[in-house]
K.L.:
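Sending over a structure as structure tokens; questions will come in a sec.
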Amino acid sequence: MSTADLLVKINSLPADLKKELSDFIDRLLVRAKKSPSPTTPTKQRRQLGLLKGKIHIPDDFDEPLEDFKDYM
């Protein structure tokens with residue numbers, strides 16, 4: 001759709017809808033300013049495996065707890 005086609009459509013709108021369209025365009029422009037551009041560097045990705053070896057799960061992890069022996 002060309003700019004000329006858009007202008008023809010806009011000019012055919014009643015005044016109240018032109019005002020609504022103007023407000024909508026203003027919101028789109030604000031949103032466009034807030035969103036990062038494709039050239040903006042993104043956040044650095046997390047490196048996998050940084051906690052390798054830091055967490056230890058005991059061999060008896062899945063065994064029943066002593067506190068619950070009366071209920072089993």
K.L.:
Going by side-chain contact (heavy atoms from CB on, under 4.5 Å), name the residues that satisfy it together with L28, two or more places apart in sequence or in a different chain.
P.N.:
F24, R31
K.L.:
Taking only residues two or more places apart in sequence or in another chain, which ones pass side-chain contact (heavy atoms from CB on, under 4.5 Å) with D60?
P.N.:
P58, E63
K.L.:
Does a sphere of radius 6.0 Å around CD1 in I57 hold more than 12 heavy atoms from other residues, nucleotides or ligands, not counting ones at 6.0 Å or beyond?
P.N.:
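No - once you tally the heavy atoms of other residues, nucleotides and ligands closer than 6.0 Å, there are 12 at most.
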K.L.:
Under the side chain to side chain donor-acceptor pair (under 3.5 Å) definition, can you give me all pairs with a residue in residues 3-17, not counting sequence neighbours?
P.N.:
S2-D5
K.L.:
For residues 44-56, which side-chain donor-acceptor pairs fall under 3.5 Å, sequence neighbours excluded?
P.N.:
none

K.L.:
If hydrophobic residues (ILVMFWY) are linked whenever their side-chain heavy atoms come closer than 4.5 Å, directly or via other members, who joins I25 in its cluster?
P.N.:
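Direct or chained contacts put I25 with I10, L13, L17, L21, L29.
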K.L.:
Test of understanding: with side-chain contact (heavy atoms from CB on, under 4.5 Å), list the residues that count as partners of F68, not counting sequence neighbours.
P.N.:
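Residues passing side-chain contact (heavy atoms from CB on, under 4.5 Å) with F68: L65, Y71.
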K.L.:
Go through the structure and list residues passing salt bridge (charged side-chain N to carboxylate O under 4.0 Å, His left out) with K69, not counting sequence neighbours.
P.N.:
E66
K.L.:
Going by salt bridge (charged side-chain N to carboxylate O under 4.0 Å, His left out), name the residues that satisfy it together with D70, two or more places apart in sequence or in a different chain.
P.N.:
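Per chain and number, D70 pairs via salt bridge (charged side-chain N to carboxylate O under 4.0 Å, His left out) with no residue.
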K.L.:
Apply side chain to side chain donor-acceptor pair (under 3.5 Å) to D23 and list each qualifying residue two or more places apart in sequence or on a separate chain.
P.N.:
K19
